[in-house]
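Before any comments, here is the structure.
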Amino acid sequence: MYRSHQQKVNAEVDAQWRQDYIASLSRFRCLLHKLRPSAPKSDFPKSTRPFTVPPFRPTTEQTENMKALLALFLDGAEAPFKPDGLEIAELHRELGQYEASAAALDSCDDRHQLVTKKVIAMLVDERSSAPVRFRL
């Protein structure tokens, strides 16, 4: 009987202690927030020059591999490996053959890859041969 009474009293005291502790902790955090100076907002110095990257130049090995792959595609691949116009346009663009890339894009009629076609067309207009990574 004494043990059950003592456990009940201890449970009530513990519950009251938890409430007081949480309340004092939140008051302390609020006071600390008011006393602590806020961190200054950092403004990056604005540059007067535009952000640029060096022009992309593929290595000779990369160029030879792209030419060989393009030759395989243009010679006519078998049914499971048949390329679409976007792959051919992208290879022409990365090789710096922008007119051939634009012609391959015009012959391409992929409605489900319209965004990819627009990205490649934009890069052809910019005369950019750098590889681009985007989700297809």
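When a residue number appears, it is its place in the shown sequence, counting from 1.
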Requested in this report: For the pair Q97 and L70, evaluate side-chain contact (heavy atoms from CB on, under 4.5 Å) and give the outcome as yes or no after the intermediate values.
Outcome: CA-CA 12 Å; Q97 303 166 354; L70 188 60; 4.2 Å; yes
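- A salt bridge between E12 and R18 is absent, with no side-chain N of the basic residue lying under 4.0 Å from a carboxylate O of the acidic one.
- With R93 contributing its side chain and S128 its backbone, the two residues share a donor-acceptor pair below 3.5 Å.
- Within 6.0 Å of atom CD in E126, more than 12 heavy atoms from other residues, nucleotides or ligands are found, so the atom counts as buried in its surroundings.
- Nearest heavy-atom pair across I120 and A89 is CG2-CB, 4.4 Å.
- Checking side-chain atoms of K117 against main-chain N and O of C108 turns up a donor-acceptor pair under 3.5 Å.
- A donor-acceptor pair is defined here as one N or O able to donate and one able to accept, closer than 3.5 Å; such a pair exists between the side chain of Q62 and the backbone of T59.
- One finds the CG atom of L95 at 6.5 Å from the OG1 atom of T63 (value rounded to the nearest 0.5 Å).
- One N or O on the side chain of Y98 and one on the backbone of R127 form a donor-acceptor pair closer than 3.5 Å.
- Atom-to-atom distance recorded for D14:CG and Q7:CD is 11.5 Å, nearest 0.5 angstrom.
- Contact record, A100 with H92: CB-ND1, 3.5 Å, taken as the closest heavy-atom pair.
- Between K67 and E64 the shortest side-chain heavy-atom distance does not fall below 4.5 Å.
- Side chains of P58 and E94 form no contact here, defined as non-hydrogen atoms less than 4.5 Å apart.
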